[in-house]
Amino acid sequence: MTIMCILLLTAGMYSCQKEERESTSGKGVSGSKGPDNRVAELLASLNMHHFTEPVKAPDFSLNSVNGEKRTLAQYRGKVVLLSFWATW
């Protein structure tokens with residue numbers, strides 16, 4: 001009985017999500033703009049850019065937490081995550 005209730009609840013939730021996706025697909029807040037346009041508008045409002053094609057980052061160097069000089073070129077072909085933070 002519990003399993004049947006869970007299955008019915010899951011099916012109902014999926015159905016509601018599907019209807020919501022279909023009703024909002026291709027329509028933005030201000031008209032018929034697609035999701036990419038909405039992202040681009042939001043980023044532009046934050047003075048950021050949305051790149052649809054990969055852009056090669058320029059090479060630069062930084063000091064590691066151990067004081068060693070590291071360049072971006074040393075990590076070519078690998079995923080790099082930069083985290084800039086401050087304590088003030």
Side-chain angles (χ1 to χ4, degrees):
M1 181 70 173
T2 304
I3 294 175
M4 187 63 138
C5 289
I6 292 172
L7 289 175
L8 288 173
L9 183 61
T10 304
M13 289 172 41
Y14 175 76
S15 176
C16 290
Q17 288 176 349
K18 183 177 177 185
E19 289 174 9
E20 184 177 326
R21 281 193 305 264
E22 289 173 354
S23 68
T24 60
S25 64
K27 294 184 180 178
V29 174
S30 61
S32 61
K33 297 179 181 177
D36 285 340
N37 288 338
R38 289 185 305 200
V39 169
E41 287 177 2
L42 177 61
L43 291 175
S45 73
L46 299 171
N47 200 23
M48 298 173 75
H49 302 283
H50 178 229
F51 296 102
T52 56
E53 297 292 324
V55 177
K56 188 175 180 180
D59 194 25
F60 60 89
S61 64
L62 295 171
N63 291 329
S64 72
V65 294
N66 299 330
E68 301 168 347
K69 186 175 179 179
R70 300 285 183 182
T71 65
L72 183 60
Q74 290 176 292
Y75 298 97
R76 187 76 55 209
K78 298 179 182 177
V79 176
V80 176
L81 173 67
L82 298 176
S83 177
F84 294 96
W85 57 275
T87 58
W88 61 78

Asks: Answer yes or no: is there a donor N or O on one side and an acceptor on the other, between the side chain of E41 and the main chain of R38, under 3.5 Å?
Replies: no
Asks: Would you say N47 has more than 12 foreign heavy atoms packed within less than 6.0 Å of its CG?
Replies: no
Asks: Just list the side-chain donor-acceptor pairs under 3.5 Å for residues 55-62, sequence neighbours left out, or say none.
Replies:
from : atom 1 : to  : atom 2 : distance (Å)
D59  : OD1    : L72 : N      : 3.2
D59  : OD1    : A73 : N      : 2.9

Asks: Enumerate the residue pairs fulfilling salt bridge (Lys or Arg N to Asp or Glu O under 4.0 Å) with a member in residues 60-70, sequence neighbours excluded, ordered by first and then second residue.
Replies: E68-R70
